[in-house]
Amino acid sequence: MIQTDILIIGAGPVGLFTVFEAGLLKLKCHLVDALPQPGGQLSEIYPKKPIYDIPGYPSVLAGELVDNLMKQIEPFKPGFTLGERAEKLEKIDEKKYRLTTSRGTQIEAPVIAIAGGLGCFEPRKPPIEGIENFEDKGVDYMVRDPETFRDKRLLIAGGGDSALDWTIELSSIAKEITLIHRRSSFRGALDSVDKVFKLAKAKKINLITEAQVTGLNGNGLLKEVTINSKALGELKKEVDHFIPLFGLSPKLGPLADWGLHITKNAIEVDTEDYSTNLRGIYAIGDINTYKGKLKLILCGFHEATLMVQSAFKEIYPEKKLSFKYTTVAGVNTF
Ligand SMILES: Cc1cc2nc3c(=O)[nH]c(=O)nc-3n(C[C@H](O)[C@H](O)[C@H](O)COP(=O)(O)OP(=O)(O)OC[C@H]3O[C@@H](n4cnc5c(N)ncnc54)[C@H](O)[C@@H]3O)c2cc1C
């Protein structure tokens, strides 16, 4: 059982920065995110886009901002549970919540900070009959740990950056890798497209375009896929894993059933400290709503900063909190 002071749901920029502000108050944090990597929308949707409205940075790539946030919070040694969705929240006593994730991990904390952004990014699933029977039994919608695929026969489907990047990355560890795309041209970054064509030419990967997976076969575990190709007709291929990477779409998900006051897919908060209607639960960043709300990273940073002050009082009602500048107090780790 993981125990922490503040359990942060969502490792987007706002969840990450919360670790820093909490750390200054000597509060420990653990983050849970459904995605396999930290950074939220910045890592998932626009890692290579420059952001121009982060104070002090005339321009910073979204991916670079995430790297810097990770560096900034490193001294506070936050815990991470990635690739798992926050599923069930119970109040186990007056001062403690217990969260259970989609993979059964349990974390207890007196304070919950929901920094869930637009919600959970759910994979867009291809319309193949019976696909749900093979989920986690050969069908994977995201790559959590590349090592799972070492020496395996993989079929990756998709035409965007994820499909291209993972084909390139996994080509060095998989036994055999095939990339299948329903069109002849790809949507991803030009240099990735280039690399994929070079790998195919060097016979390091198989590339099948203008084709789709139409069927899955196996007895409990996935064994074989049926492919429908414009040029070759129907073919069967033995594989260990089918990885459809058709993008992710956000959904509020399980948070919607926790008894929080929700308006238009966002959690209502009190702007004094971003607390919700449930004691000890706060909501910060894109997931909250209040009069005048702007879904901006810098607004989320501000909300996180005020929120941890209130969280401290919630955890240590008897202690006095003295406010200090980092220029005066420095960054003292645990
Ligand atoms: C293309 C684009 C460009 C943008 N440009 C700018 C810009 O220039 N400047 C700016 O300030 N903002 C910009 N934004 C908005 C900015 O990205 C968001 O304001 C910011 O990402 C919000 O951060 P967050 O941490 O609140 O949420 P997110 O970044 O959305 O992260 C939330 C995380 O919570 C996780 N999560 C949700 N529910 C659960 C659950 N139940 N269990 C586990 N994990 C969960 C999600 O997987 C996600 O990783 C842009 C957005 C987009 C899409």
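Whatever order the structure lists them in is the order used to number ligands and atoms, beginning at 1.
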Residue [X] vicinity, atoms of ligand 1 by number, heavy atom under 4.0 Å:
X	result
K295	19 (O)
R85	40 (C), 41 (N), 42 (N), 43 (C)
G40	29 (O), 31 (O), 48 (C), 49 (O)
A115	32 (C), 33 (C), 34 (O)
G10	33 (C), 34 (O), 35 (C)
I51	7 (C), 8 (O), 9 (N)
L35	47 (O), 49 (O)

Have a look at [options] and point out the one with the heavy atom closest to [atom].
atom	options	value
atom 33 (C) of ligand 1	T18, L298, D33, T101	D33
atom 18 (C) of ligand 1	D286, L118, L296	D286
atom 39 (C) of ligand 1	G116, G285, C120, A256	C120
atom 36 (N) of ligand 1	G39, G253, G117, G119	G119

Geometric N/O contact I297 with ligand 1, under 3.5 angstrom: yes

Check whether any N or O atom of Y46, backbone or side chain, sits under 3.5 Å from an N or O atom of ligand 1, and answer yes or no.
-> yes

The protein heavy atom nearest to atom 24 (P) of ligand 1 is V14 CG2, 3.8 Å

Atom 41 (N) of ligand 1 has as its nearest protein heavy atom A86 O, 3.3 Å

_Suppose we call two aromatic rings close when their centres sit under 6.0 Å apart. Are H181 and F186 close by that rule?_
yes

- Message: Using the ring centroid of each side chain, check whether F242 and F134 are separated by less than 6.0 Å.
- Response: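 Centroid separation for F242 and F134: 6.0 Å or greater.
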
**Prompt:** Distance-only, no hydrogens or angles: does the T101 side chain make a donor-acceptor pair with backbone N or O of R85 under 3.5 Å?
**Reply:** no

Which bit of [X] gets closer than 4.0 Å to ligand 1, counting heavy atoms only: side chain, backbone, both or neither?
X	value
L42	side chain
D53	side chain
E84	backbone

For [X] versus [Y], what's the shortest heavy-atom pair and its separation?
X	Y	value
P254	A86	CG-O, 3.3 Å
T148	D145	OG1-O, 2.7 Å
P146	L170	CB-CD2, 3.9 Å
I168	L199	CA-CD1, 4.0 Å

Practice prompt. May I ask you to decide whether E64 forms a salt bridge with K48, counting only side-chain N to carboxylate O separations under 4.0 Å?
Written response: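 No, no charged N to carboxylate O under 4.0 Å.
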
Quick test of your reading of the model: are E176 and K152 salt-bridged, counting only N-O distances below 4.0 Å? no

*asked:* Could you check whether any heavy atom of P13 sits closer than 4.0 Å to an atom of ligand 1, since that is the contact criterion I want to use?
replied: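 For ligand 1, residue contact (heavy atoms, under 4.0 Å) with P13 is present.
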
In short, side chain to side chain donor-acceptor pair (under 3.5 Å) pairs touching residues 238-253 with sequence neighbours left out are D140-H241, R153-E238, R153-D240

Only distances under 3.5 Å count here; give the side-chain donor-acceptor pairs of residues 315-327 to other protein atoms, sequence neighbours excluded, each with its distance to 0.1 Å.
none

